[in-house]
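The next block holds one structure in the form of structure tokens; read it before the comments.
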Amino acid sequence: MLDINLIREKPEWVKAQTAKRNTTAPVDEILADDGRRREIILEVEELRRQRNESSKQIGAWMGSLKKLEADLKRAEAGQYVGQELAALQTQLNAMQFNVDEAKADTGRIGDRIAELDEELRQVEARLRDNMLWVPNIVQDSVPVGPDESANVFHPPQGAPKPVFDFEPKAHWDLGPALDIIDFERGVKLSGSRFYILKGMGARLQRAVIQFMLNYHLEHHGYTEIQPPYMVRSAIFEGAGQLPKFFDNIYRDAEEDFMWLGTAEIALTNLHRDEILAEEMLPLKYVSYTPCWRREKMSAGKDVRGIKRGHEFHKVEMYQFTHPDKSLAAHEEMKQHALDICDALGFHYRLVDLATGDVGFAMSKTYDIEVWAAGCGEWLEVSSISNATDFQARRANVRYKPADGGKTRFPHTLNASGLALPRVMIALIENNQQADGSVVVPEVLRPYMGGVDVIR
RNA sequence: GGAAGGGUGGCCGAAUGGUAAGGCGCUCGUUUGCUAAACGGGUUGGGUGAAACAACCCAUGCAGGUUCAAUUCCUGUCCCUUCCGCCA
């Protein structure tokens, strides 16, 4: 969610920024509702003030009234003469009248407040709803273009492109042949887009997970988090996944649980509704989780092999940073992901996503694609994004500046580090030998009990 | 799954319908050979407003309701604790 002040102060600029994403946002509606909202608040607060005052007065009168009643009772018991009794009765009547009048008046104020509150509720609901449709502002360094066709591809880097003196096979042939991927039994258990990793295949994936986690912990200074894999729907809202991606989320039919589509959802909300001390920043988390996605938007796409499943595994990096530090942190996280690619010996390329392709909540995104020699594709293994304060505002994560100023929103960044199925594809396809065996990269062997070749 | 109790500031904790005590911690000041102590002040978040300071409004887990007025009464809901049952 954007800062409403930005829209108030620079509506035309926000519209222009949104247009760069090849989309539109209801800026004018927001301005109108925001203005009306402030009018109502002004009036309703004045009315509340009046009601508070008047209620206080009634309270005081009620006290006097009780005292008068007590006096009257004693008088009736014969302790006062008739004249005094009458005077008391008059006083009491007057007081009662005052109270009744004030109650009626104040009641009318209450009715008016209720009316205005109702309108305020409507205006604010509409305002919030519209605000949710305004995407984050993209950074100036993001290449401008309507869609992914404008993405900027950098020259390949990393290890040289693997070359073979035989025809390299795709993982969907190599895997079953080595008996490390079993597509048929995966489908038997769970249907299409499911597979089984078996034997050295299972161990290889476990090795990669361990390796990546340890690398981020030991070399990049992250703290490991094992979050719940099923969370409440409010957590998805906080991460900006709802309502937009409702159809893509697996959820429990009876209880309010949803299964993570990425660890980012849990990590964004880790400090939900908290006020952090500035000294705590940056917070750097790394998390290994399964990820579940219905893949409704990609029905019929990438159905072959293990590239795109309903369930996959991923190591995810996440940072909460000081707003002034997020640009540097973004570059740093990109390097953290690249370090893994280098360690695993990948041939890869960096992609600067164009304004039309950068995710709704993000201000800038890099993709890393690794070359898979068998299927002959560049596979997206990581997406590295700076959400600036967009997600923090939505999840209500704030920090208190050390100088004691007003609370501010930190910036949040996320990066895959990396996505397992595509890493597995690249490892299997790029390291294959003529006999169909697969060489295990050096760095993974300690996690494989020393095994150097899967055959 | 059943039963009971509970959720109030950074922490503890009072307030049974009258407009959120008190203490601890933290912080500033005064006093003071130093420290300590004492005394005094300050000490949440959001909003409206605004040059700034005020001022005002909202917030007692959350959402509604009753009332002139709700921490207090009512309804729903979330969470925590204890006991019973079941269970890897």
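Below, chains carry the letters A, B, ... as their sequence lines are ordered, and counting in each starts from 1. All values reported here derive from a predicted model rather than from experimental measurement.
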Quick check: on RNA chain B, is the nucleotide nearest A/Arg38 upstream (toward 5') of the one nearest A/Ile275, or the reverse? Name the residue that is more 5'. A/Ile275

Sidechain N-carboxylate O distance under 4.0 Å for [X], [Y]:
{"X": "A/Glu45", "Y": "A/Arg48", "value": "no"}
{"X": "A/Arg108", "Y": "A/Asp105", "value": "yes"}
{"X": "A/Arg21", "Y": "A/Asp357", "value": "no"}
{"X": "A/Arg308", "Y": "A/Glu295", "value": "yes"}
{"X": "A/Glu124", "Y": "A/Arg128", "value": "no"}
{"X": "A/Arg37", "Y": "A/Asp33", "value": "no"}

Atom-pair distance ([atom1] on [X]; [atom2] on [N]), nearest Å:
{"X": "A/Asp34", "N": "B/rG49", "atom1": "CG", "atom2": "C1'", "value": "14 Å"}
{"X": "A/Asp273", "N": "B/rG10", "atom1": "CG", "atom2": "P", "value": "13 Å"}
{"X": "A/Arg37", "N": "B/rC57", "atom1": "CZ", "atom2": "P", "value": "17 Å"}
{"X": "A/Leu65", "N": "B/rC68", "atom1": "CG", "atom2": "P", "value": "16 Å"}
{"X": "A/Glu39", "N": "B/rG49", "atom1": "CD", "atom2": "C1'", "value": "15 Å"}
{"X": "A/Met62", "N": "B/rU19", "atom1": "CE", "atom2": "C1'", "value": "14 Å"}
{"X": "A/Glu274", "N": "B/rU44", "atom1": "CD", "atom2": "C1'", "value": "16 Å"}
{"X": "A/Asn396", "N": "B/rC62", "atom1": "CG", "atom2": "C1'", "value": "14 Å"}

Considering only distance and modelled atom types, tabulate donor-acceptor pairs under 3.5 Å from the side chains of residues 442-455 of chain A, sequence neighbours left out.
{"residue": "A/Arg445", "atom": "NE", "partner": "A/Val440", "partner atom": "O", "Å": "2.8"}
{"residue": "A/Arg445", "atom": "NH2", "partner": "A/Val440", "partner atom": "O", "Å": "2.8"}
{"residue": "A/Tyr447", "atom": "OH", "partner": "A/Asn214", "partner atom": "ND2", "Å": "3.0"}

Parallel, tilted or perpendicular: which fits the ring planes of A/His220 and A/Tyr222, with parallel below 30° and perpendicular above 60°? perpendicular

side-chain contact (heavy atoms from CB on, under 4.5 Å) partners for A/Arg294, two or more places apart: A/Asn248, A/Tyr250, A/Arg251, A/Lys296

Filter on ring-ring contact (aromatic ring centres under 6.0 Å, His included), then keep only pairs touching residues 388-416 of chain A, sequence neighbours left out; what's left? A/His322-A/Tyr399, A/Phe360-A/Phe390

Heavy-atom contacts, protein to nucleotides 71-80 of chain B, under 4.0 Å, summarised as B (base), S (sugar-phosphate only) or - (none) per nt, yield -------SS-

Classify A/Lys400 by what it touches in the nucleic acid, base, sugar-phosphate, or nothing, heavy-atom distance under 4.0 Å. sugar-phosphate

Starting at the 5' end of RNA chain B, write a dot or bracket for each base, bracketing those in Watson-Crick or G-U wobble pairs whose two distances are under 3.5 Å and using | for partners on another strand. (((((((..(((.....[...)))((((((.......))))))(((((......))))).(((((..]....))))))))))))....

On a whole-Å scale, what distance lies between the [atom1] atoms belonging to [N] and [M]?
{"N": "B/rG46", "M": "B/rG41", "atom1": "C1'", "value": "26 Å"}
{"N": "B/rC11", "M": "B/rU16", "atom1": "P", "value": "23 Å"}
{"N": "B/rU44", "M": "B/rG10", "atom1": "C1'", "value": "9 Å"}
{"N": "B/rU60", "M": "B/rU8", "atom1": "P", "value": "12 Å"}
{"N": "B/rG6", "M": "B/rC56", "atom1": "P", "value": "36 Å"}
{"N": "B/rG49", "M": "B/rA54", "atom1": "C1'", "value": "10 Å"}
{"N": "B/rA50", "M": "B/rG42", "atom1": "C1'", "value": "23 Å"}
{"N": "B/rA59", "M": "B/rA70", "atom1": "P", "value": "8 Å"}

Measuring to OP1 and OP2 of [N], would you say a side-chain N or O of [X] lies under 4.0 angstrom away?
{"X": "A/Lys56", "N": "B/rC68", "result": "no"}
{"X": "A/Arg398", "N": "B/rG45", "result": "no"}
{"X": "A/Thr407", "N": "B/rG46", "result": "yes"}

Which residues share a side-chain hydrogen bond (donor to acceptor under 3.5 Å, both in side chains) with A/Thr388, sequence neighbours left out: A/Asn136

State which residues pass side-chain hydrogen bond (donor to acceptor under 3.5 Å, both in side chains) with A/Arg36; sequence neighbours excluded, sorted by chain then number. A/Glu39, A/Glu119

Output side-chain donor-acceptor pairs under 3.5 Å for residues 232-240 of chain A, partner residues at least two apart or in another chain, one line each.
{"residue": "A/Ser233", "atom": "OG", "partner": "A/Asp256", "partner atom": "OD1", "Å": "2.8"}
{"residue": "A/Ser233", "atom": "OG", "partner": "A/Asp256", "partner atom": "OD2", "Å": "3.4"}

Salt bridge (Lys or Arg N to Asp or Glu O under 4.0 Å) partners for A/Glu115, two or more places apart: A/Arg112

Tell me every residue that passes salt bridge (Lys or Arg N to Asp or Glu O under 4.0 Å) with A/Glu331, counting only those two or more places apart in sequence or in another chain. A/Lys334

Which ones in residues 89-107 of chain A lie close to RNA chain B, meaning a heavy atom under 4.0 Å from one of its atoms? A/Lys103, A/Thr106, A/Gly107

Among residues 40-55 of chain A, which contact RNA chain B at a heavy-atom distance under 4.0 Å? A/Ile41, A/Leu42, A/Glu45, A/Arg48, A/Arg49, A/Arg51, A/Asn52, A/Ser55

